[in-house]
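The next block holds one structure in the form of structure tokens; read it before the comments.
Order of the sequence lines fixes the chain letters, A, B, ..., with proteins taken first and strands second; residue numbering starts at 1 for each chain.
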Amino acid sequence: MQREKVKQVLASESGREVLVKGWVRTRRGNKNISFIALNDGSTIDNIQVVADNGSFDAEMMKGVTTGSAIGVRGSLVESQGKGQSVEIIAGEIILYGTADPEKYPLQKKGHSMEFLRDIAHLRFRTNTFGAVMRIRHAMAYAVHHYFNTKGYYHLHTPIITGSDAEGAGEMFSVTTLDLANMPKGKDGKVDFSSDFFGKHTKLTVSGQLEGELGALALGEIYTFGPTFRAENSNTPRHLAEFWMIEPEMAFYDINDNMDLAEDFTRYLIRYALDNCSADLAFLNEMVDKDLLERLRFVADNDFIRTTYTAAVEILEKSDRKWEFPVGWGRDLQAEHERYLVEEHFKRPVILTDYPRDIKAFYMKQNDDGKTVRGMDVLFPRIGEIIGGSQREEVMEKLEERMEEMGIPAEEMWWYLDTRRFGTAPHSGFGLGFERLILFVTGMSNIRDVIPFPRTPRNAEF
RNA sequence: UCCUCAGUAGCUCAGUUGGUUAGAGCGGCGGACUGUUAAUCCGUAGGUCGAAGGUUCGAGUCCUUCCUGAGGAGCCA
């Protein structure tokens with residue numbers, strides 16, 4: 001007999017034999033009858049299995065407890081009780097694996113997110129993490145679908161890089177040298193010439209620079225891969241290992257870039273609303289009562305687009321007391337961004353044209369000599385979800401900026417070659433995948449939207 | 001990394017100005033109930049009070065250091 005997924009069984013007509021396999025969420029009942037809520041991960045909903053205890057081996061039935069894995073063959077019938085439309089009257093129960101109730105850490109009752117983080121290997125078996133992981137999958141699929149439909153190519157940029165100049169944060173070193181006995185050069189520094197790659201290599205902090213190389217030949221590309229930042233960040237919005245989506249497009253200026261960023265994020269949110277309704281309904285009920293309303297609002301309304309300079313004026317005119325000073329040339333603090341998004345505009349905001357001195361070397365300089373064509377997309381609750389820019393395509397200006405900021409041009413010869421040979425206007429951005437999932441699920445800590453979070457002092461599992 | 005708060009049973013927490021034998025709910029276990037929905041009811045076991053020092057006749061409670069976690073800030077996606 002063919003096994004069916006709970007999702008299909010729940011959606012199907014009663015009056016037939018079915019076979020399901022999954023994990024027991026709860027078991028209720030008395031001496032004579034058992035009600036088993038069975039979940040197989042295909043949907044947040046459980047199927048109720050009704051078992052006449054007398055018809056089954058008593059020793060086997062003792063093993064059917066919360067967390068155990070079972071298979072059930074039986075007839076699908078209209079439920080006599082309330083709370084579900086159909087249920088399975090068990091004809092045969094196969095006990096695959098028991099879960100000692102005295103030791104199994106998951107209970108019928110809710111657990112704190114902190115506790116579940118300590119048992120991240122088992123937390124997939126909770127309603128919340130099942131929902132989050134199904135949504136995470138749907139969002140990853142939607143990313144690829146979106147770009148494929150638009151003619152973008154998925155480019156696999158390297159995880160291991162020899163470049164020192166990505167400039168997006170502290171990096172993890174990658175080496176096969178003996179850590180207890182590192183070879184030293186005459187200057188006392190580590191000599192990497194005998195290392196695996198013959199040079200000092202690190203884990204990537206961004207695929208952007210390589211992405212630009214692809215875009216300036218293939219037209220439109222995107223990356224979607226892991227990214228590593230060795231920053232000692234302890235916040236609900238940062239991970240040391242996270243996934244980032246970085247589209248890069250030839251012949252796109254900053255306005256085209258903004259159009260894409262907005263269309264892309266609103267598409268993803270609409271996709272979740274259209275395809276993850278059961279999981280979102282659960283999260284809306286149990287995690288964040290405003291979730292669905294917020295998602296619909298963002299999907300249905302245009303983002304505000306304004307400049308850094310205009311934003312500073314808004315902040316200066318407000319009668320709010322700022323913990324950090326506001327002024328042209330200063331970077332916006334979290335409190336400033338939150339005010340703009342959550343109180344002043346009350347919707348997502350795209351800020352552009354930042355002072356050049358607070359942004360990266362590769363951003364295109366404006367004619368005013370003061371600002372660059374960078375853009376940040378700011379979302380309610382989570383702040384910066386996207387950072388991007390039009391890239392500087394003029395060789396002389398790029399070299400000048402690198403010189404000013406101490407970026408070694410000789411190590412970046414391959415990057416500069418794209419400006420040397422057939423340079424063209426181009427743009428791109430980075431979307432933090434986990435921050436997107438945070439927004440879409442209504443979860444409050446980024447460690448709870450990735451299966452196995454890597455944060456300072458934590459690489460368990 | 002900085003600031004604030006927290007760490008007591010498997011989980012979530014209470015524990016008074018320092019005072020006898022450290023409590024509750026849930027979960028587990030045993031029992032009752034022929035249709036339950038986080039079932040209900042009765043009973044029961046379960047503790048190195050984060051760690052190490054210190055103050056005191058006496059420390060879960062006060063002090064010091066450290067560890068761990070959370071929230072805020074910075075870095076950013």
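On the C1' atoms, B:A59 is 29 Å away from B:C3, given to the nearest whole Å. The C1' atoms of B:U61 and B:G23 are separated by 15 Å, rounded to the nearest whole Å. Rounded to a whole angstrom, the distance from the P atom of B:G47 to that of B:C66 is 32 Å. The same atom, C1', is picked in B:A9 and in B:G60; the two are 14 Å apart, to the nearest Å. Using atom P as the reference point in both B:C11 and B:U16, the two lie 22 Å apart (nearest Å). Taking atom P on both nucleotides, B:G19 is separated from B:G15 by 13 Å, rounded to a whole Å. Only the C1' atoms considered, B:U1 is 10 Å distant from B:C75, to the nearest whole Å. Between B:C67 and B:G30, the distance separating the two C1' atoms is 40 Å to the nearest Å.
Among the atoms of the strands shown, only primed sugar atoms or phosphate atoms (P, OP1, OP2) are found under 4.0 Å from some heavy atom of A:A334. Using a 4.0 Å heavy-atom cutoff across all strands shown, A:L431 reaches no nucleic acid atom at all. Within the nucleic acid shown, A:S34 has no heavy atom closer than 4.0 Å to any nucleic acid atom. Among the protein residues, A:S79 comes within range of the nucleic acid bases, having at least one heavy atom under 4.0 Å from a base atom. Residue contacts shown for A:F324 are limited to sugar-phosphate atoms, with no base heavy atom under 4.0 Å away. Within 4.0 Å (heavy atoms only), A:R25 reaches no atom of the nucleic acid at all. No engagement by A:P105 is indicated, since no non-hydrogen atom pair under 4.0 Å with the nucleic acid exists. A:N234 comes within contact range of at least one nucleobase, with a heavy-atom separation under 4.0 Å. The residue A:E335 sits apart from the nucleic acid: no heavy atom pair falls under 4.0 Å. Among the protein residues, A:F115 comes within range of the sugar-phosphate backbone only, with heavy atoms under 4.0 Å from sugar or phosphate atoms but none that close to a base. Among the atoms of the strands shown, base atoms are found under 4.0 Å from some heavy atom of A:G29. Residue A:L239 is in base contact, counting any heavy-atom pair closer than 4.0 Å across all strands shown. When heavy atoms are screened at a 4.0 angstrom cut-off, A:Q80 is found touching base atoms of the nucleic acid. Heavy atoms of A:K82 sit under 4.0 angstrom from at least one base atom.
At a cut-off of 3.5 angstrom, counting only N and O atoms as typed in the model, there is no donor on one side facing an acceptor on the other between the side-chain of A:E102 and the base of B:G10. Judged by distance alone with a 3.5 Å cut-off, a donor-acceptor contact links the side chain of A:R229 to the base of B:A77. Put simply, the side chain of A:E87 and the base of B:U37 share no donor and acceptor less than 3.5 Å apart.
The side chain of A:N445 has B:G71 as its nearest neighbour among B:G71, B:U1, B:A39. Counting only heavy atoms from C-beta on, A:R447 has its side chain closest to B:A70 among B:A70, B:U37, B:A77. Relative to the side chain of A:E384, the nucleotides B:C76, B:G28, B:C75 differ in distance, and B:C76 lies closest. Taking only side-chain atoms of A:Q333, from C-beta outward, the nucleotide of B:U37, B:A70, B:A73 with the closest atom is B:A73. Checked against B:A77, B:A70, B:C11, the side chain of A:F242 finds its nearest nucleotide in B:A77. For A:E114, the listed nucleotide lying nearest its side chain is B:A70; candidates were B:U12, B:A70, B:G72.
Salt bridge A:R356/A:E404: present, at least one basic N to carboxylate O contact under 4.0 Å. Here A:R123 pairs with A:D448 in a salt bridge; the nearest charged N to carboxylate O distance falls below 4.0 Å. We find that A:R305 and A:E262 are joined by a salt bridge, their nearest charged nitrogen and carboxylate oxygen being less than 4.0 Å apart. Looking at A:R391 and A:E248, a side-chain N of the basic residue comes within less than 4.0 Å of a carboxylate O on the acidic one, giving a salt bridge. Between A:E17 and A:R73, at least one side-chain nitrogen of the basic residue sits less than 4.0 Å from a carboxylate oxygen of the acidic one, meeting the salt-bridge criterion.
One finds the CG atom of A:L315 at 5.0 Å from the CH2 atom of A:W322 (value rounded to the nearest 0.5 Å).
Of the side-chain N and O atoms in A:R117, one or more sit less than 4.0 angstrom from OP1 or OP2 of B:A70.
Side-chain N/O atoms of A:Y308 and A:D376 include no donor and acceptor closer than 3.5 Å. There is no side-chain donor-acceptor pair under 3.5 Å between A:R16 and A:S14.
For B:A77, the base is not stacked against the aromatic ring of A:F433, per a cut-off of 5.5 Å between centres and 30° between planes.
Both A:I33 and A:L106 lie close to RNA chain B; mapped to their nearest nucleotides by heavy-atom distance, the more 5′-ward contact belongs to A:L106.
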Pairing pattern in dot-bracket form [Watson-Crick, G-U; both distances under 3.5 Å; | = partner strand] for RNA chain B: (((((((..((((.....[...)))).(((((.......))))).....(((((..]....))))))))))))....
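Around CE of A:M286, the count of heavy atoms belonging to other residues, nucleotides or ligands within 6.0 Å does not exceed 12.
The aromatic ring centroids of A:H154 and A:Y222 lie less than 6.0 Å from each other.
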